[in-house]
Each structure stands twice: as C-alpha cells, then as structure tokens.
Amino acid sequence: MSNENNLDVGQKRTVPWLEDDNRDTKTARTQEKEIEDKKHQQPQQMQVSQLTNQDTVTTTPFRAVYNDQSIIHQRVNRPKLKLDDFNISRTLGTGSFGRVHLIQSKVNARYYAMKVLKKTEVIRLKQVEHTNNEKHILESVAHPFLVNMWGTFQDCNNLYMVMDYVPGGELFSVLRRSQRFPDHVAKFYAAEVILAIEYLHSKDMIYRDLKPENLLLDAQGHIKITDFGFAKYVPDITWTLCGTPDYLAPEIIQSKGYGKAVDWWSLGVLIYEMLAGYPPFFDDDHLKLYEKILACKIKWPQYFDANGKDLLKRLLTPDLTKRFGNLKGGSEDIKRHVWFTGVDFNRILARQIRAPYVPQIRGEGDASHFDKYPETQEQYGVVGQTDPYRSLFPDF
C-alpha cells in the first residue's frame, strides 16, 4: 500500500447515516445543521427550474466542447501575485494542513478565496506530491464548472493559492437542508458535474474526490468543483490509495491499478446521495464500509425513478467492462441514458438553464453561506528566515 494513503485529509463526512431498514423514509440531519438552517433562514423548498427544452428534441450529437485557452493564457500572462496584493478577511474553511480565507484584491477590489497550506503539515502528512499536483492541474484547466486558480506564491512557512471566491457555499449544506433532491434537481447538478469530469478526462486528468462537500455553488446556483488535492494527471493507470471512503471505487480498495473509471463510479455515488440523502454504502468502520462497497449490494429506496435506478446500476458496477463512462461510448453513454432524456447538454454547458436553487447573496464578499471558524493568529508573509522546504515546492 502506498505511503500516500491518507483518505481525504480534512474531510467533512460527519453526518450519521441511518442504518435501519426504514431509512428511505427518513433524513440524514444533525442538530448542528438544523441550527444552521434557522440561522441562514433560507427557503427549504427549491425553486423548480425548467431543466430541458421541451419544444425541441436534441437529435444532433452533443457539442459539449469548451475552449479554455483564452483563460489559461490570461492567467499565464498576468503578473506574479503576492500577499501584499490582498486584504485578508475571514476564514471560509479549515483542513488538516491549512485553511481557506476570503480575501479582497487591492488591485481590482474583487473578492477571491486564498488557500493557505502550512509546509510542515503538508510534509508531515505526506501530501507534497498531491499539493504540487493540485497546483499544476489547476493552472492548466479552465471550465465553467471548475473553480479557477489565478496564481500561487509562498513564504518561509506557507504555500498560497488564489482562486475564485464561490459565494453560495457547499452543495452538501443545500442537500442537508433539503434532505434529498427531487429527480430534476439531482439531474441538473449531475449534468454539470458530468461536463466537468468529461473535460478533465479529455486532458488525461482524474479528480478522485467527487462528493457534495467539494461542489460549491456560485451566485447563480451553478456548480464549481473545488479542492483538487487528489487530482492527478493519469494518461493510463495509477495505484495511489486516496479519496473519501464512501466514494471509493472497488478497484481503489483492492489496490489495483485504476484510471478514469473511478470518477464515474463516484458520480454514481453522488447521484444516489443526492436522490436518497445518504450514500449507497456507509459504515463507521472503514473496513466494513469497504466490504460493503466490494459486495456492491445496494438497497434501493422505493421512491427511486426506474430510469435513475437503471443508470446507477450501470455506474455502480465493479465490472469495468460494464461501467458506463468506461465503455467505447465514453461519457456519451451516460449523457444519452434515458434518465437524461431531453437534457440539452450544450445549454447546460453554456449555463443557459436556470439553477434549481439560487443562493441569496447580500452583495460582494458575502460569506454567510459558510460556517464560522476561530481565526488564526499565525503570521503570514514571513520572509528572511531559512526555508528548508522551498525545494519541495519549486513552482509555487
């Protein structure tokens, strides 16, 4: 087993999934989230959007191609960022080896998110390769449903990554408040995720950490995939054991060489969790959880749509010769499945479909959709000291 087998450092899988046989009629909520519901006073019922264009039937091949070169060139040609370019505001999230701050540019007054990683912790947790992978991948991708990174820098103690600020918070929080999503809502988010994963795979990159916590909502309610700490350039196969336990594909657990197909398995877990309110496999004991994943015996709630259930069976199969997304048709097999009948993926890509839930944003820099955290007293921007770790992060 690889020494990089930390499973999702700083993960947020804290909801106690219900184990009894009647779980399809119950919800997975915690008292903390119920208090948060009241605090935000957000609508419990989502606005129902028209996901498909019923007047036209899409018979031409999907042209879901995104030209990313202009944004990538724009990032490459901009001046090198530095800490003094920003005013640092509140913490948006914390993890095992760093935190994310809301920041405002002194140059253009726009708000961004700044991920700060403590070098000593990155090294202690054996995350050097993952951290460098994250930087290299984020600077080489640009897509409507991926968070954009605008630059990086470092000082003696920390690494800094400046990214889009996505003000709507996590899809995880919306799902907990809604308890579970109706079909058309899950279908909307799944469609945006499919286009993002398809784009990454076109560049031979796998994401490896798909889950509601890593799907942020922008001001219009569209998905932005964040946290690329486990993303990797994989033109063929890799063996690293990493990811979030509930979402691990069988081939990862079995320490087999694996590739892009693991993301399509995770898509199946995500769709199931959106429709049910809990993942298809869960257990507090990781070994028992892995046994359940390998056995792949799924309990299907009675309210599941037959077409949705059929798609999930084709995604959540340990047999790679049968898993949708991994067949000759690639992601087109998923997009053309009957569950997505009428969904125009070109309009989805162009963000022309109104999101089912539009977060209430009270202006630029509003961070009310994120939990509050104690602020650190740590000094950023320390220079002039000996930095024994700079050679480990040469491109920051």
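- Side-chain atoms of Thr376 and Arg99 form no donor-acceptor pair, as typed in the model, at a separation below 3.5 Å.
- Taking the six-membered ring where tryptophan is involved, the planes of Tyr199 and His143 are tilted, since the angle between them lies from 30° to 60°.
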Derivation and outcome, side chain to side chain contact (heavy atoms under 4.5 Å, CB included), residues Val269 and Leu248: CA-CA 9 Å; Val269 177; Leu248 289 181; over 6 Å; no

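- A distance-only check finds a donor-acceptor pair linking the side chain of Lys119 to the backbone of Asp155 [under 3.5 Å].
- Counting only distance, with no hydrogens or angles, the side chain of Asp164 and the backbone of Asn148 share a donor-acceptor pair below 3.5 Å.
- Counting all heavy atoms, side chain and backbone alike, Phe188 lies closest to Ile348 at CD1-CD1, 4.3 Å.
- Checking side-chain atoms of Asn214 against main-chain N and O of Leu210 turns up no donor-acceptor pair under 3.5 Å.
- With hydrogens and angles disregarded, no donor-acceptor distance shorter than 3.5 Å links the side chain of Asp209 to the backbone of Gly243.
- Note that OH of Tyr272 is 7.0 Å distant from CD1 of Ile298, once rounded to the nearest 0.5 Å.
- Taking hydrophobic clusters as Ile, Leu, Val, Met, Phe, Trp and Tyr residues chained together by side-chain heavy-atom distances below 4.5 Å, Ile361 does not share a cluster with Leu102.
- In this structure, Tyr165 has its ring center no closer than 6.0 Å to that of Tyr112.
- Shown here is Lys80, whose NZ atom has more than 12 heavy atoms of other residues, nucleotides or ligands within 6.0 Å.
- If you check the side chains of Asp85 and Ser105, you find no donor sitting under 3.5 Å from an acceptor.
- Less than 6.0 angstrom separates the ring centroid of Phe345 from the ring centroid of Phe340.
- The pair Arg180-Glu273 does not count as a salt bridge, with every side-chain nitrogen at least 4.0 angstrom from each carboxylate oxygen.
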Pair Lys260-Asp263, salt bridge (charged side-chain N to carboxylate O under 4.0 Å, His left out): steps then yes or no: CA-CA 6 Å; Lys260 300 180 180 71; Asp263 284 339; over 6 Å; no

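- The backbone N or O of Asp218 lies less than 3.5 Å from no partner atom in the side chain of His222, so there is not a single donor-acceptor pair.
- Within 6.0 Å of the OH atom in Tyr389, the count of heavy atoms belonging to other residues, nucleotides or ligands does not exceed 12.
- Atom NZ in Lys292 sits 12.5 Å away from atom CG in Leu287 (nearest 0.5 Å).
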Criterion side chain to side chain contact (heavy atoms under 4.5 Å, CB included) on Met163 and Met114, from CA distance to verdict: CA-CA 6 Å; Met163 296 172 286; Met114 183 171 71; over 6 Å; no

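- Ring pair Phe281/Trp265 is parallel by interplanar angle, where below 30° counts as parallel and above 60° as perpendicular.
- Residues Asp319 and Thr317 bring no donor and acceptor atom of their side chains to less than 3.5 Å of each other.
- The pair Asp310-Lys313 fails the salt-bridge criterion, with no side-chain N (NZ, NE, NH1 or NH2) lying under 4.0 Å from an Asp/Glu carboxylate O.
- Side-chain atoms of Lys224 come within 3.5 Å of backbone atoms of Pro144 as a donor-acceptor pair (strictly under, hydrogens ignored).
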Side chain to side chain contact (heavy atoms under 4.5 Å, CB included) evaluation trace for Ile197 with Ser331: CA-CA 9 Å; Ile197 296 298; Ser331 58; over 6 Å; no

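- Under the 4.0 Å criterion applied to side-chain N and carboxylate O atoms, Arg208 and Asp227 are not assigned as salt-bridge partners.
- In this structure, Glu375 places its CD atom where more than 12 heavy-atom neighbours from other residues, nucleotides or ligands lie under 6.0 Å away.
- For Phe181 and Tyr189, the gap between ring centers is short of 6.0 Å.
- Annotation: side chain to side chain donor-acceptor pair (under 3.5 Å) contacts of Lys203 (sequence neighbours excluded): Asp68.
- Classification of Glu192 and Arg347 as a salt-bridged pair fails, no side-chain N sitting under 4.0 Å from a carboxylate O.
- Annotation: the span from Leu138 atom CG to Thr226 atom OG1 amounts to 8.0 Å, rounded to 0.5 Å.
- A distance-only check finds a donor-acceptor pair linking the side chain of Lys187 to the backbone of Trp339 [under 3.5 Å].
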Candidate pair Thr244 and Asp246, rule side chain to side chain donor-acceptor pair (under 3.5 Å), full reasoning: CA-CA 6 Å; Thr244 298; Asp246 299 345; over 6 Å; no

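- A donor-acceptor contact shorter than 3.5 Å links the side chain of Ser266 to the backbone of Val262.
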Check against ring-ring contact (aromatic ring centres under 6.0 Å, His included), His101 and Tyr380: CA-CA 12 Å; His101 290 279; Tyr380 293 155; 5.4 Å; yes

Test log, rule side chain to side chain contact (heavy atoms under 4.5 Å, CB included), inputs Tyr258 and Val234: CA-CA 9 Å; Tyr258 63 87; Val234 181; over 6 Å; no

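- At a cut-off of 3.5 Å, with distance as the only test, no side-chain donor of His337 or Asn307 sits close to an acceptor on the other residue.
- Under a hydrophobic-cluster definition in which Ile, Leu, Val, Met, Phe, Trp and Tyr are linked whenever side-chain heavy atoms come within less than 4.5 Å, directly or via other members, Ile206 and Leu320 are assigned to different clusters.
- The closest side-chain heavy-atom distance from Thr152 to Val162 is not below 4.5 Å.
- Ile72 and Leu349 sit in two unconnected hydrophobic clusters of ILVMFWY residues. Membership requires side-chain heavy atoms under 4.5 Å apart, directly or through other members.
- Leu270 contributes atom CG, which lies 7.5 Å from atom CG of Leu171 (distance to the nearest 0.5 angstrom).
- A salt bridge is absent between Arg314 and Asp333: the closest approach of a Lys/Arg side-chain nitrogen to an acidic carboxylate oxygen does not fall below 4.0 angstrom.
- Tyr247 is connected to Leu289 through a chain of hydrophobic side-chain contacts under 4.5 Å among Ile, Leu, Val, Met, Phe, Trp and Tyr, so both are in one cluster.
- Put simply, the side chain of Ser178 never gets that close to the backbone of Leu175: no donor and acceptor are under 3.5 Å apart.
- Here the shortest heavy-atom pairing between Pro301 and Ala276 reads CG-CB, 4.3 Å.
- The hydrophobic clustering, which links ILVMFWY residues whose side-chain heavy atoms are closer than 4.5 Å, places Val338 and Trp264 apart.
- Looking at Lys288 and Glu291, no side-chain N of the basic residue comes within less than 4.0 Å of a carboxylate O on the acidic one, giving no salt bridge.
- Taking the centre of each ring, Tyr207 and Phe228 come in below the 6.0 Å mark.
- Taking the six-membered ring where the residue is Trp, Phe230 and His130 present perpendicular rings, their angle passing 60° and hence far from 30°.
- To the nearest 0.5 Å, the span separating CD1 on Ile293 from CD on Glu251 amounts to 10.5 Å.
- Atom CG in Leu117 sits 11.5 Å away from atom CD1 in Ile123 (nearest 0.5 Å).
- For CD of Gln69, the number of neighbouring non-hydrogen atoms (other residues, nucleotides, ligands) closer than 6.0 Å is greater than 12.
- Between the side chains of Gln104 and Arg110, no donor-acceptor pair is found at a separation under 3.5 Å.
- A salt bridge is absent between Lys106 and Asp84: the closest approach of a Lys/Arg side-chain nitrogen to an acidic carboxylate oxygen does not fall below 4.0 angstrom.
- For the residue pair Ser140 and Arg75, the shortest heavy atom distance occurs at N-NH2, 4.1 Å.
- Note on ring orientation: taking the six-membered ring where Trp is involved, the planes of His286 and Tyr290 are tilted (angle from 30° to 60°).
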